[in-house]
Amino acid sequence: MIQGIDRSLFAGTVDAASQTAKPADVQKEFSAFLKDALNKVNEQQIQADQLTEKLVKGENVDLHQVMIAAQKASISLQLTLEVRNKVIETYQEMMRMQI
């Protein structure tokens, strides 16, 4: 997930330098990026839940894979929450600015 963020940020910088983008277009791209990132976090949560269910049912699942999937899902969710907190903090700081 972090690698995707890095690539998209650099790609956006190159595109912005070569041509001017309308704010509506940038907003749509940013919205699509956030939606995609949240979908990936959700997919990781679902995968971890499915592997955990298989382990509980006694199916042939490697315990290491279950733990790795659970940790990936947990870290992704923590990153998402931290990004959300920073966005909210930035918004609140902007609202406190005097014009």
Side-chain angles (χ1 to χ4, degrees):
M1 184 172 165
I2 293 175
Q3 293 172 349
I5 292 172
D6 290 340
R7 281 186 232 141
S8 66
L9 287 176
F10 290 126
T13 305
V14 173
D15 292 339
S18 64
Q19 59 185 345
T20 58
K22 295 181 182 178
D25 294 338
V26 174
Q27 183 180 5
K28 287 179 184 177
E29 288 178 23
F30 184 69
S31 175
F33 171 75
L34 285 179
K35 185 182 247 184
D36 184 47
L38 289 174
N39 285 337
K40 287 181 182 178
V41 170
N42 189 39
E43 288 173 8
Q44 288 181 342
Q45 293 286 334
I46 291 170
Q47 181 184 13
D49 289 343
Q50 289 173 346
L51 286 174
T52 303
E53 279 186 36
K54 287 181 180 180
L55 182 68
V56 169
K57 290 179 181 177
E59 295 181 21
N60 189 14
V61 179
D62 188 20
L63 176 63
H64 293 86
Q65 294 302 321
V66 175
M67 295 304 294
I68 289 170
Q71 283 298 313
K72 282 183 179 181
S74 176
I75 290 171
S76 295
L77 184 60
Q78 288 175 1
L79 175 64
T80 303
L81 290 175
E82 288 298 322
V83 169
R84 182 206 61 173
N85 292 342
K86 285 293 183 181
V87 168
I88 291 172
E89 183 181 319
T90 302
Y91 174 77
Q92 290 173 343
E93 189 68 30
M94 288 174 56
M95 296 312 291
R96 280 186 239 138
M97 289 181 170
Q98 294 181 1
I99 298 177

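Just so you know, residue 1 is the first one in the sequence shown, and it goes up from there. What you see is a predicted model; the values in this text were computed from it and never measured.
Every residue was checked against the salt bridge (Lys or Arg N to Asp or Glu O under 4.0 Å) condition with Asp49, not counting sequence neighbours, and none meets it. A search for side-chain contact (heavy atoms from CB on, under 4.5 Å) contacts involving Ile46 returns Asn42, Gln50, not counting sequence neighbours. When the side-chain hydrogen bond (donor to acceptor under 3.5 Å, both in side chains) test is applied to Glu82, no partner is found at least two apart in sequence or on another chain. With sequence neighbours excluded, the residues satisfying side-chain contact (heavy atoms from CB on, under 4.5 Å) with Ala69 are Ala48, Leu51. Shown here are the side-chain contact (heavy atoms from CB on, under 4.5 Å) partners of Glu59, two or more places apart in sequence or in another chain: Lys54, Lys57, Val61.
Between the CG atom of Leu34 and the CD atom of Glu29 there is a distance of 12.0 Å, given to the nearest 0.5 Å. The line from CG of Leu77 to CZ of Arg84 is 9.5 Å long, rounded to the nearest 0.5 Å. In this structure, CD on Gln65 lies 12.0 Å from CG on Leu55, to the nearest 0.5 angstrom.
Asp36 places no side-chain N or O within 3.5 Å of a backbone atom of Ala32 that could act as its donor or acceptor partner.
Minimum interatomic distance between Ala73 and Gln45 (heavy atoms only, all atoms of both residues): O-NE2, 3.0 Å. When all heavy atoms of Gln44 and Lys72 are compared, the pair lying nearest together is OE1-O, 3.6 Å.
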Pair Glu43, Lys40 - check salt bridge (Lys or Arg N to Asp or Glu O under 4.0 Å), show working. CA-CA 5 Å; Glu43 288 173 8; Lys40 287 181 182 178; over 6 Å; no
Please list every donor-acceptor pair under 3.5 Å in which a side-chain atom of residues 21-28 meets a protein atom from a residue at least two apart or in another chain.
none

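Side chains of Thr90 and Met94 form a contact here, defined as non-hydrogen atoms less than 4.5 Å apart.
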